[in-house]
Amino acid sequence: MSRDHVQSAERSAPAAGAPGRAHPDTRPGSGSAETPFLELLARGASPEAYEQPVLLARAEGRPPERIAELEQAKLLALRVRAELEGRRRREAELSALFETAHDLAGLRDLDAVLQAIVQRARSLLGTDVAYLSLNDPARGDTYMRVTEGSVAARFQQLRLGMGEGLGGLVAQTARPYVTDDYFRDDRFQHTRTIDTGVRDEGLVAILGVPLMLGHHVIGVLFAADRRARVFEREQIALLGSFAALAAAAIDTANLLAETRSALAGLERANEIIQDRSAVIERASDVHDRLAELVLRGGGVHDVAAAVSQVLDGTVQFTETTAAPAQALESSRAEGHAVRHRDDWIAAVAAGDELLGALVLRGHPGLDPVDQRTLERAAMVTSLLLLARRSAAEAEQRVRGELLDDLLDARDRDPRLLRERAARLHADLDATHVVLTARLEGGTVDADQEADARRRLWAAASHLAATRQGLAAARDGGTVLLLPLASGDTATDLARRTARHLGTAVHEPVTVGASAPVEHLTARPDTVAAAYAEARRCLDALRLLGRCGDGSAAEDFGFLGLLLAGERDIAGFVDRTIGQVVAYDERRGTELLRTLDAYFSCGMSPARTKDELHVHVNTVAQRLERVGRLLGDDWQSPARALEIQLALRLHRLSAGTRPPAHT
């Protein structure tokens, strides 16, 4: 800016003390260097106005020291202004959250509260559009509940399948997700319906946060722009706060709707209600207790205990196999608790799937309100079971993905592998065994076979989770990576695993195991090699007719050398003739040489004594000693074959020549 322009700006400004003056004199010549900037701060000037004192000083030819002071004061003033703006923004956010909480406290119209939440979220985040979607369990999809700033009718009427779009990713993971370019982001499932609606609205950058009731996602709150944009951490946290208030509003509205419905019925039968105030108090008590249990993440047995106290009886959760079948089916079909002798049975169900039952013992004359209390407790129990199952299935998938990466050797960063395993309470630095399991029941029905495989995978995943291991479905069976306890062997682990899985799925399960493996993070390909060895052991068990059993390569004698991924020759020799070798080394005897000559001479003691140039009694004494070391069956065909192979391998490893014989 030229000096003439600056002076012209000065002349056009109101004179000091003149009526209607907009701001004090900000000329750099008056007062200290900070004075003009303090005046700018006091009147809330824009950031561009902070350049004016410096420009005026330069235009008036002020000394460099004065200009430097002004520059430093300008920077400090801008920092103060930014801090003040940040505080004003935070005050506005807190004020909006307080107003929303106030609306929630006096909730009368759920739509009005949700609309206010979406409007405030859009205003504070400065986005073009904000909207909220809710899950519809009855139709199995999700729908647009509230929009603000939307101009496309098709977008406002969207109904989406579960798991689709960015909202589906948020609902599945229960975590916020943001994309700065929706159509180029392949982290979530694109569908024609969603993409058409988003394109009609012209959205580009989208942020979505989950609406949570306990651990259950009931919907998603979105903020979106029609241009590329990066959402800051504070903005994501702010939208999450609004989402929490929206979830609370929905929960409160649902509770109010239930309460209003109950009150309508109570008003129609006021005289009856007055006679049954104690029953209603119990219903209110159990409602509060169940709500508290859900909010603090209680379990199934906690629900049973709470209802037991309220109904002054014994309420137990039982598996479907332990409940009376006919009464349980009637309760599931009718959606109500049914009487069975002196007990009441309330089915715990999710859709058509029976998860168990709540059984109230010894209450033949149950009050209708108490019956409803039992039914509501059964519904809460089903929600808790489904939430637990979802969490377990998610963990099983994560364990399977990590094991798949180890088997395929895709992720070779040891630090990342350890971090992923640590989140699953697995220690990849420990010694492990790779086991492959396969069902042996056999069925011609493809659906039954697929169901059996799923049950095997579920049982293996549960075993892996309890043993701090990993499990995955692979090649028509299941593969496990389990830690090997001190003093345990791969064979012992394989047999225990076969028994455990067979009991869990009620069918024979054959398990082949690898030799113990170490350094899994440093050498991820070790797991793939061990898996191949375990499969060879599994195939060998099935060929030998040992279906339903478990074993490792070390179990097969010399056949184990063929099955093992790394030929453990030294281990085979030691297991077979190690005691004879050790005896010779300790005593200086020649049992090994005698044993070699004995087999070389066709197992004839007479020819052996000629070969060794000793008396036949000496040969007999040495062979008797061999029998005590190796066992009485050492000359049986199978043992003799293994011993001869071990002798030859020992001789080859030691670099010695076989004894000469005629």
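We're numbering straight along the sequence, starting at 1. Only a predicted model underlies this, so the values are computations on that prediction, with no experimental measurement involved.
- Nearest heavy-atom pair, Arg455 versus Val505, reported as atom, atom and distance to 0.1 Å: NH1-O, 3.0 Å.
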Subject >> Glu258 vs Arg376, salt bridge (Lys or Arg N to Asp or Glu O under 4.0 Å): CA-CA, chis, key distance, verdict >> reply: CA-CA 12 Å; Glu258 291 183 5; Arg376 178 167 295 182; 3.2 Å; yes
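- In this structure, the side chains of Val170 and Val217 stay at 4.5 Å or more apart for every pair of heavy atoms.
- Annotation: side chain of Arg154 is in contact with side chain of Thr196 (closest heavy-atom distance under 4.5 Å).
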**OP:** Would you sort out whether Tyr182 and Asp195 count as a side-chain hydrogen bond (donor to acceptor under 3.5 Å, both in side chains), showing the intermediate values?
**Re:** CA-CA 9 Å; Tyr182 174 84; Asp195 288 356; 3.0 Å; yes
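- Annotation: side chain of Tyr143 is not in contact with side chain of Gln157 (no heavy-atom distance under 4.5 Å).
- Ion pair Asp225/Arg229 flagged as a salt bridge, since at least one NZ, NE, NH1 or NH2 atom sits closer than 4.0 Å to an Asp/Glu carboxylate oxygen.
- Crowding of Arg187 atom CZ: a count of heavy atoms from other residues, nucleotides or ligands under 6.0 Å exceeding 12.
- From Ile117, atom CD1 reaches atom CG of Leu221 across 8.0 Å, with rounding to the nearest 0.5 Å.
- Residue Ala357 comes nearest to Ile345 through the heavy atom pair CB-CG2, 4.1 Å, listed as atom of the first residue, atom of the second, then distance.
- For Val118 against Tyr131, the heavy-atom pair with the smallest separation is CG1-N, 3.9 Å.
- In terms of heavy-atom proximity, Ala223 sits nearest to Leu125 at CB-CD2, 3.8 Å.
- Formation of a donor-acceptor pair under 3.5 Å by the Asp128 side chain with backbone atoms of Ala224 is not found in this model.
- Within the 4.5 Å cutoff, the side chain of Trp344 has no heavy atoms near those of the Val359 side chain.
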Original post:
side-chain contact (heavy atoms from CB on, under 4.5 Å) between Val338 and Glu334: does it pass, once the steps are laid out?
Top reply: CA-CA 9 Å; Val338 298; Glu334 298 173 8; 3.7 Å; yes
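- To the nearest 0.5 Å, atoms CE (Met162) and CD (Gln189) are separated by 13.0 Å.
- For residues 165-175, there are no side-chain hydrogen bond (donor to acceptor under 3.5 Å, both in side chains) pairs, not counting sequence neighbours.
- A 4.5 Å side-chain heavy-atom check between Thr142 and Arg159 finds every atom pair outside the cut-off.
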Subject >> From CA spacing to verdict: side-chain contact (heavy atoms from CB on, under 4.5 Å), Leu166, Thr179 >> reply: CA-CA 8 Å; Leu166 184 142; Thr179 177; 3.5 Å; yes
**OP:** Show your reasoning for whether side-chain contact (heavy atoms from CB on, under 4.5 Å) applies to Leu374 and Val315.
**Re:** CA-CA 9 Å; Leu374 183 63; Val315 177; 4.3 Å; yes
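- A donor-acceptor contact shorter than 3.5 Å links the side chain of Ser241 to the backbone of Ala237.
- Side chain of His190 to main chain of Asp185: a donor-acceptor pair is present (N/O by atom type, distance under 3.5 Å, no hydrogens or angles).
- The shortest distance between side-chain heavy atoms of Leu470 and Leu480 does not fall below 4.5 Å.
- Taking each heavy atom of Gly356 and Leu328 in turn, the nearest pair found is O-CD1, 3.7 Å.
- The line from CG of Leu132 to CE of Met144 is 9.5 Å long, rounded to the nearest 0.5 Å.
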Could you give the side-chain donor-acceptor pairs of residues 201-211 under 3.5 Å, partners two or more places apart or in another chain?
residue : atom : partner : partner atom : Å
Glu201  : OE1  : Ser150  : OG           : 2.6
Glu201  : OE1  : Val151  : N            : 3.3
Glu201  : OE1  : Ala152  : N            : 3.1
Glu201  : OE2  : Val151  : N            : 2.9
Glu201  : OE2  : Arg226  : NH2          : 2.6

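- Looking at Asp427, its side chain does come within 3.5 Å of a backbone N or O of Asp429 through a donor-acceptor pair.
- Atoms OG1 and CG, from Thr191 and Leu158 in turn, are 8.5 Å apart once rounded to the nearest 0.5 Å.
- Under a 3.5 Å cut-off, the side chain of Ser123 and the backbone N or O of Gln119 do not form any donor-acceptor pair.
- No side-chain heavy atom of Arg122 sits under 4.5 Å from any side-chain heavy atom of Val129.
- A donor-acceptor contact shorter than 3.5 Å links the side chain of Arg467 to the backbone of Pro483.
- How far CD of Glu375 is from OG1 of Thr373: 9.0 Å, rounded to the nearest 0.5 Å.
- Looking at every heavy atom in both residues, Ile236 comes nearest to Pro176 through CG2-CB, 4.0 Å.
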**OP:** Go through the steps to decide whether Thr147 and Phe222 satisfy the test side-chain contact (heavy atoms from CB on, under 4.5 Å), and finish with yes or no.
**Re:** CA-CA 9 Å; Thr147 64; Phe222 300 88; over 6 Å; no
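- With hydrogens and angles ignored, the 3.5 Å screen pairs a side-chain donor or acceptor of Ser331 with a backbone N or O of His336.
- The distance from atom CD of Gln316 to atom CG of Leu358, rounded to the nearest 0.5 Å, is 10.0 Å.
- In this structure the side chain of Asp180 never reaches within 4.5 angstrom of the side chain of Phe231, judged on heavy atoms.
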